[in-house]
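Working notes for the structure below.
Sequential numbering from 1 along the given sequence is applied to the chain's residues. Numbering of ligands and ligand atoms starts at 1, following listing order.
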Amino acid sequence: MNPTTRPLPRRVQSIDSSPTVVFRELAQRRLSEGYEVFDLTIGEPDFDTPPHIVEAAYDALKAGFTHYVNSRGISELLDAIAAKLAQDNDLHYAPDKEILVTLGGKQAIFCAIMATVDQGDEVLVLDPAWVSYDPMVRLAGGIPVHVPLRPEDNFHITEAQLSAHLTSRTRMVILNSPNNPTGRVATREELEAVAAIAEKANLLVISDEIYEKLVYDDRQHISIATLPGMRDRTLVVNGFSKSYAMTGWRLGYVAGPVSLIGALLKVHQHSVTCTTSFIQKAAVAALKGPQDDMVHMVAEFKARRDLVVQGLNAIPGVKCSQIEGAFYAFPDVSAYGTGEEVGKILLRDGGVALVPGSAFGESCGNHLRLSFAASRETLERALGAMKAVLTGRK
Ligand code: PMP
Ligand code: GLU
């Protein structure tokens with residue numbers, strides 16, 4: 001048999017392409033074919049990386065900072081991350097032992113899962129969930145166990161729901177707050193529910209805090225690692241993509257207890273050696289430099305949030321809850337069909353590209369995800385087109 005026609009390993013057969021990436025490519029293809037497209041698919045800030053961060057990378061390149069660096073991360077950056085975690089999150093980690101700099105939050109989560117999930121281990125994934133948790137667990141040989149949170153409770157996390165999915169093989173729970181795609185920010189009570197289950201069943205927790213800086217109104221981001229007893233069982237993941245508009249730079253990090261970070265470091269070393277050298281210098285500038293660009297971005301996202309929630313709820317039959325954090329709306333469009341059906345119609349007739357809710361879990365078929373990381377003008381026009389298509393005026 002020709003090696004290219006041989007069946008692929010089961011772990012690869014068990015995963016699909018990333019739907020966020022696929023839907024973005026679909027939108028881009030239509031655009032290149034000459035159609036007008038409002039691309040609200042992928043979660044990527046439309047702002048440029050602040051200039052002082054770009055300058056720092058440029059300076060590092062000019063200075064010849066182009067070699068392999070310490071696998072864990074350059075010490076300047078590890079120190080800056082430790083200081084950030086202490087100041088913003090009241091979390092205290094030794095920079096030389098308990099932090100790892102990675103190629104995006106995504107690689108941090110990948111290393112975390114690869115290093116801790118064994119063949120047949122079950123991992124609780126709270127639906128709606130970001131599209132990559134499930135495939136990463138499968139690639140590690142684990143079994144993703146989906147816990148469907150209820151839209152009618154605004155996707156509230158309860159101990160009973162988690163408890164109902166525990167078995168003797170449950171090893172980990174993945175938590176993401178602020179949440180992609182629901183825009184929920186977990187309350188202390190919800191975090192306590194997760195913590196109680198983690199303690200009871202002796203679970204590890206991956207806490208994906210990548211949207212930490214994007215919280216609105218009086219909401220407050222709390223890291224679950226600050227709850228009593230949780231630091232020792234939690235891997236805190238964060239990154240620069242969303243808070244500093246640095247998606248293409250691929251820069252993130254993970255912090256956790258020394259023995260776990262040591263295991264993640266091995267996976268990191270054998271896959272990428274180290275995170276790109278000069279980009280780490282830019283990250284130091286991001287953390288230590290002026291934060292006004294971030295403040296401006298958050299204020300702009302809040303204004304867009306208001307526009308989107310109001311605009312979606314103004315479409316008869318469409319239901320969109322208040323968005324507490326991140327930059328996604330997750331409306332229920334079931335008055336018009338499934339998310340997939342409605343998404344196809346909106347793209348074909350209105351040029352509005354969204355991601356169907358089913359990408360975020362089987363229980364999310366009534367929904368569509370709209371990323372409002374786009375200009376207000378684009379959002380207004382897209383909302384207008386959605387209303388016209390769905391109410392039959394187009
Ligand atoms: N977690 C969530 C929930 C996300 O939406 C993303 C966005 N891709 C990531 C992690 C990873 O982001 P990045 O790799 O760009 O840091
Ligand atoms: N996190 C973003 C999203 O959900 C980027 C794409 C991805 O990495 O999945 O759209």
Electrostatic pair Glu300:Arg376 at N-O distance under 4.0 angstrom: yes
Could you tell me which atoms of ligand 1, counted from 1 in the order shown, lie closer than 4.0 angstrom to a heavy atom of Asn176? 3 (C)
Under 4.0 Å between a Lys/Arg side-chain N and an Asp/Glu carboxylate O for Asp88 and Lys213? yes
To check your reading of the model: name the closest protein heavy atom to atom 9 (O) of ligand 2, its residue, and the distance in Å. Thr20 OG1, 2.7 Å
Just to confirm my output: which protein heavy-atom neighbour is closest to atom 3 (C) of ligand 1, and how far is it? Asp208 OD2, 3.3 Å
At a 4.0 Å threshold, what atoms of ligand 2 neighbour a non-hydrogen atom of Lys242? 1 (N), 2 (C)
Closer than 3.5 angstrom, by distance alone: can the side chain of Gln13 be matched with the main-chain N or O of Pro7 as a donor-acceptor pair? no
4.5 Å side-chain heavy-atom contact, Asp39 and Leu31: no
When distances are taken from atom 12 (O) of ligand 1, the protein heavy atom at minimum range is Ile210 CD1, 4.0 Å
Of the backbone atoms (N, CA, C, O) and the side-chain heavy atoms from C-beta on, which set of Tyr211 has a member under 4.0 Å from an atom of ligand 2: side chain, backbone, both, or neither? side chain
Looking only at heavy atoms of Arg369, does any of them come nearer than 4.0 Å to an atom of ligand 2? yes
Any side-chain heavy atom of Tyr133 within less than 4.5 Å of one from Pro144? no
What's the shortest distance from atom 14 (O) of ligand 1 to any protein heavy atom, and which residue and atom give it? Arg250 NH2, 2.7 Å
Quick check on contacts: which atoms of ligand 1 are under 4.0 angstrom from a heavy atom of Lys106? 11 (C), 13 (P), 14 (O)
Considering only heavy atoms, does Thr247 approach ligand 2 within less than 4.0 Å through its side chain, its backbone, both, or neither? neither
Assert yes or no for the condition that the ring centre distance of Phe301 to Tyr211 is strictly below 6.0 Å. no
Atoms of ligand 1 close to Gly104 [distance to a heavy atom under 4.0 angstrom, numbered from 1]: 14 (O), 16 (O)
Heavy-atom contacts under 4.0 Å between Lys106 and ligand 2: side chain, backbone, both, or neither? side chain
Polar side chain donor-acceptor pair, Ser241 to Lys106, under 3.5 angstrom: no
Pairing donors with acceptors under 3.5 angstrom, does anything connect the side chains of Glu209 and His221? yes
Side chain or backbone of Tyr133 under 4.0 Å from ligand 1, or both, or neither, by non-hydrogen atoms? side chain
heavy-atom search around atom 7 (C) of ligand 1 in the protein gives Lys242 NZ, 2.9 Å
Nearest protein heavy atom with distance in Å, relative to atom 5 (O) of ligand 1: Tyr211 OH, 2.6 Å
Nearest protein heavy-atom contact for atom 15 (O) of ligand 1: which residue, which atom, what distance? Ser241 OG, 2.6 Å
Quick one: which ligand 1 atoms are inside 4.0 Å of a heavy atom on Asn180? 3 (C), 4 (C), 5 (O)
For Phe330 and His367, take the angle between the two ring planes, folded into 0 to 90°, and tell me which bin it lands in: parallel under 30, tilted 30 to 60, perpendicular over 60. parallel
Mark the output for Thr247 as yes if a heavy-atom distance to ligand 1 is under 4.0 Å, and as no if none is. no
Does a sphere of radius 6.0 Å around NZ in Lys97 hold more than 12 heavy atoms from other residues, nucleotides or ligands, not counting ones at 6.0 Å or beyond? no
I'd like to know whether OH of Tyr216 has more than 12 heavy-atom contacts from other residues, nucleotides or ligands below 6.0 angstrom. yes
Among all protein non-hydrogen atoms, which one is nearest to atom 5 (C) of ligand 2, and what is the separation to 0.1 Å? Ile42 CG1, 3.7 Å
Side chain or backbone of Phe327 under 4.0 Å from ligand 2, or both, or neither, by non-hydrogen atoms? neither
Between Thr226 and Ser223, do the side chains contain an N or O donor and an N or O acceptor separated by less than 3.5 Å? no
For Val272, the side-chain contact (heavy atoms from CB on, under 4.5 Å) test, sequence neighbours excluded, returns Leu103, Gln107, His268
Using distance alone, decide if ligand 1 has a nitrogen or oxygen within less than 3.5 Å of any nitrogen or oxygen in Gly105. yes
